[in-house]
Amino acid sequence: MDGIYNYTTDPNDEEEKSPLAELILESNKIAMDHLRNENFGAALDLLRKAESILLREYQMNPNETCYRLIGITLNNLGCYYKRT
């Protein structure tokens, strides 16, 4: 699978049903699809937007979900930089 991180959510995890988590996970998923298709600009744009949203959220409300989402996004950014 190209070394690209695939994150699957636990459908029973209430935190991951939050609008923030859904937005960030979907952004990461679409970004990784773009990366697989070598649409590097679109992938980077989505990952940077997710990172920006998460950094603002972290400043207002640091919590475990935010940590997890930041980790996923940064890992995917690492995959992006490895591929480009």
Side-chain angles (χ1 to χ4, degrees):
M1 165 138 26
D2 320 86
I4 295 173
Y5 184 66
N6 242 351
Y7 178 76
T8 56
T9 60
D10 177 356
N12 298 318
D13 190 340
E14 288 299 319
E15 287 181 337
E16 291 179 356
K17 293 179 182 177
S18 74
L20 173 68
E22 288 180 15
L23 172 68
I24 298 302
L25 292 172
E26 187 65 19
S27 295
N28 272 272
K29 179 188 176 300
I30 294 169
M32 294 298 94
D33 290 341
H34 282 305
L35 187 58
R36 281 185 198 94
N37 294 322
E38 298 184 2
N39 189 353
F40 300 118
L44 182 59
D45 187 47
L46 281 167
L47 292 170
R48 287 290 182 208
K49 285 179 183 175
E51 180 185 36
S52 175
I53 292 167
L54 285 167
L55 291 177
R56 276 181 280 155
E57 177 66 22
Y58 174 76
Q59 290 173 346
M60 293 185 304
N61 182 26
N63 58 56
E64 187 65 34
T65 298
C66 198
Y67 294 141
R68 188 176 321 134
L69 295 171
I70 289 170
I72 291 165
T73 301
L74 292 177
N75 185 70
N76 286 337
L77 275 165
C79 293
Y80 165 84
Y81 285 115
K82 184 177 178 180
R83 293 273 310 259
T84 59

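When reading the values below, keep in mind they use all heavy atoms of this one structure, side chains included, and skip hydrogens, waters and symmetry mates. Just so you know, these numbers come straight off a predicted model, no measurement behind them.
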side-chain contact (heavy atoms from CB on, under 4.5 Å) evaluation trace for N61 with E57: CA-CA 6 Å; N61 182 26; E57 177 66 22; 3.6 Å; yes
I want to check something: taking the side chain as every heavy atom from C-beta on, are I53 and L20 in contact at a cut-off of under 4.5 Å? yes
Do N37 side-chain atoms and N39 backbone N/O form a donor-acceptor pair below 3.5 Å? no
With sequence neighbours excluded, residues passing side chain to side chain contact (heavy atoms under 4.5 Å, CB included) with Q59: none
In the structure I gave you, are the side-chain heavy atoms of L77 and Y81 within less than 4.5 Å of one another anywhere? yes
Roughly how far, to the nearest 0.5 Å, is the CG atom of L35 from the NZ atom of K82? 11.0 Å
Do the ring planes of Y58 and Y67 sit parallel (below 30°), tilted (30 to 60°) or perpendicular (above 60°)? tilted
Between OG1 on residue T73 and CZ on residue R48, distance to nearest 0.5 Å: 11.0 Å
Test side chain to side chain contact (heavy atoms under 4.5 Å, CB included) applied to L55 - qualifying residues, sequence neighbours left out: E51
For the atom pair CZ (R83) and CZ (R36), what is the distance rounded to the nearest 0.5 Å? 8.5 Å
Could you tell me whether the side chain of L44 reaches within less than 4.5 Å of the side chain of H34, counting heavy atoms only? no
Please give the remaining members of the hydrophobic cluster of L46, linking ILVMFWY side chains under 4.5 Å, ordered by chain and number. I30
Drop me the distance from L54's CG to S27's OG, to the nearest 0.5 angstrom. 9.0 Å
As an exercise, state the distance from CD1 of I24 to CG of N76, rounded to the nearest 0.5 Å. 11.5 Å
